[in-house]
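The structure displayed is predicted, hence computed values, not measured ones.
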Amino acid sequence: MDERWKPNVTVAAVVERDGRFLFVEEQKSAGLLINQPAGHLDHGESILDAVRREVLEETAYVFTPRHLLGIYLAPGPGDITYLRFAFTGELGEHDASRTLDEGIVGTVWLTPDEVRAQRARHRSPLLERCVDDYLRGVRYDLAILQTHPGVTGGQGNT
């Protein structure tokens with residue numbers, strides 16, 4: 001086993017309104033892909049701060065996490081492994097003048113059937129699993145997450 005190996009920690013937001021889920025369309029070398037608003041945990045950042053930041057950067061919406069949907073482990077390209085913390089929550093204010101992250105074309109709202117019909121466009125193998133878990137009612141209290149006070153935003157739990 002390689003002692004230098006470590007998973008890539010990511011966060012994602014699963015947001016539903018009126019039976020449709022929020023996704024971002026992102027231009028990648030494989031084409032225009034869809035994903036939940038998601039991204040990497042930055043050094044020194046709490047997990048909840050990371051998901052708030054990523055949603056804002058990719059959608060221009062303020063996001064308030066309400067529940068942990070799940071913690072998922074999935075293979076990425078090459079020898080990369082992703083450890084994804086997925087959250088449910090609410091969208092707040094939208095800043096239409098905000099520039100989205102590089103590669104993000106925009107946002108789309110899709111039904112579960114539309115998501116399944118576009119599997120070839122899924123950026124993450126976890127995308128559909130997170131939607132399915134949400135639909136099954138999976139929710140965990142945010143108090144399960146603990147953050148050391150030395151981490152940005154760390155005051156006991158994240």
Side-chain angles (χ1 to χ4, degrees), residues 2 4-140 145 158:
D2 184 351
R4 296 169 291 156
W5 176 87
K6 62 179 179 160
N8 285 273
V9 178
T10 62
V11 294
V14 178
V15 179
E16 182 262 341
R17 277 191 184 163
D18 302 322
R20 293 183 172 274
F21 289 85
L22 176 65
F23 292 94
V24 296
E25 289 186 306
E26 186 171 8
Q27 190 64 54
K28 302 299 283 182
S29 59
L32 190 61
L33 305 179
I34 59 172
N35 198 11
Q36 280 101 5
H40 292 270
L41 175 69
D42 286 347
H43 176 74
E45 182 177 46
S46 77
I47 294 169
L48 289 178
D49 284 346
V51 73
R52 288 182 192 106
R53 175 185 52 76
E54 286 292 347
V55 173
L56 183 62
E57 290 174 354
E58 293 193 353
T59 70
Y61 279 102
V62 172
F63 176 71
T64 303
R66 296 293 184 208
H67 295 97
L68 176 67
L69 181 63
I71 302 170
Y72 305 85
L73 194 63
D79 63 356
I80 294 174
T81 301
Y82 291 106
L83 179 63
R84 176 188 260 204
F85 290 78
F87 296 89
T88 65
E90 300 164 5
L91 292 183
E93 184 178 327
H94 183 256
D95 180 358
S97 67
R98 184 178 180 89
T99 302
L100 302 179
D101 271 359
E102 184 177 338
I104 303 292
V105 175
T107 59
V108 293
W109 291 87
L110 302 172
T111 67
D113 287 340
E114 291 169 333
V115 170
R116 289 180 190 91
Q118 298 185 49
R119 282 189 183 118
R121 294 184 61 212
H122 292 188
R123 175 152 186 226
S124 168
L126 298 172
L127 183 150
E128 193 172 336
R129 171 70 189 272
C130 289
V131 169
D132 290 342
D133 285 351
Y134 177 91
L135 291 170
R136 288 188 306 110
V138 175
R139 308 284 189 281
Y140 298 98
L145 301 170
T158 44

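Under the 3.5 Å distance criterion, with hydrogens and angles disregarded, a donor-acceptor pair is assigned to the side chains of Glu16 and Tyr134. There is a side-chain donor-acceptor pair under 3.5 Å between Asp95 and Ser97. Looking at Gln36 and Arg123, their side chains never bring a donor and an acceptor atom within 3.5 Å of each other. A donor and an acceptor atom, one from each side chain of Tyr72 and Asp133, are located under 3.5 Å apart.
Residues Ala38 and Glu54 share a closest heavy-atom pair of O-OE1, 3.4 Å. The nearest pair of heavy atoms linking Val24 to Thr59 is CG1-CG2, 3.7 Å. The two residues Leu33 and Ala120 come nearest to each other via the heavy atoms CD2-O, 4.3 Å. Nearest heavy atoms, Leu100 versus Ala60: CD2-N, 3.7 Å. Nearest heavy atoms, Tyr61 versus Gly92: CD2-O, 3.5 Å. Closest heavy-atom contact between Val55 and Ala13: CG2-CB, 3.4 Å.
Thr99 OG1 to Ile104 CD1: the interatomic distance, rounded to the nearest 0.5 Å, is 12.5 Å. With values rounded to the nearest 0.5 angstrom, Thr81 atom OG1 is found 12.5 Å from Lys6 atom NZ. Considering CD of Glu58 and CD of Glu26, their distance stands at 6.0 Å, rounded to 0.5 Å. Rounding to the nearest 0.5 Å gives a distance of 11.5 Å between CZ of Arg129 and OG of Ser124. Taking CZ from Arg52 and CD from Glu45, the interatomic distance works out to 10.0 Å, rounded to the nearest 0.5 Å. A distance of 9.5 Å separates NE2 in His94 from CG in Leu56, rounded to the nearest 0.5 Å.
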CA sep, side-chain torsions, deciding dist, call: Arg66, Arg139, side-chain contact (heavy atoms from CB on, under 4.5 Å): CA-CA 9 Å; Arg66 296 293 184 208; Arg139 308 284 189 281; over 6 Å; no

Phe63/Leu91 under side-chain contact (heavy atoms from CB on, under 4.5 Å): CA gap, chis, key distance, verdict: CA-CA 5 Å; Phe63 176 71; Leu91 292 183; 4.1 Å; yes

Leu69 and Phe85: CA distance, side-chain angles, deciding distance, side-chain contact (heavy atoms from CB on, under 4.5 Å) verdict: CA-CA 8 Å; Leu69 181 63; Phe85 290 78; over 6 Å; no

From CA spacing to verdict: side-chain contact (heavy atoms from CB on, under 4.5 Å), Arg84, Val9: CA-CA 6 Å; Arg84 176 188 260 204; Val9 178; over 6 Å; no

Trace of the salt bridge (Lys or Arg N to Asp or Glu O under 4.0 Å) decision for Asp132 with Arg116: CA-CA 10 Å; Asp132 290 342; Arg116 289 180 190 91; 2.7 Å; yes

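Between the Glu114 side chain and the Thr111 main chain, a donor and an acceptor come within less than 3.5 Å of each other. For Arg20 (side chain) and Trp109 (main-chain N/O), a donor-acceptor pair under 3.5 Å exists by modelled atom type.
The stretch residues 112-131 participates, sequence neighbours left out, in no ring pair (Phe, Tyr, Trp, His ring centres under 6.0 Å) pair at all.
A heavy-atom distance below 4.5 Å is found between the side chains of Leu127 and Ile34. Side-chain contact between Ile71 and Leu83: present, with at least one pair of heavy atoms (C-beta onward) separated by less than 4.5 Å. Taking 4.5 Å as the limit, some side-chain heavy atom of Leu135 sits within range of a side-chain heavy atom of Pro112. In this structure the side chain of Phe87 reaches within 4.5 angstrom of the side chain of Leu48, judged on heavy atoms.
Using bins of under 30°, 30° to 60° and over 60° for the plane-to-plane angle, the ring pair Phe23/Phe21 lands in the tilted bin.
Classification of Arg98 and Glu57 as a salt-bridged pair fails, no side-chain N sitting under 4.0 Å from a carboxylate O.
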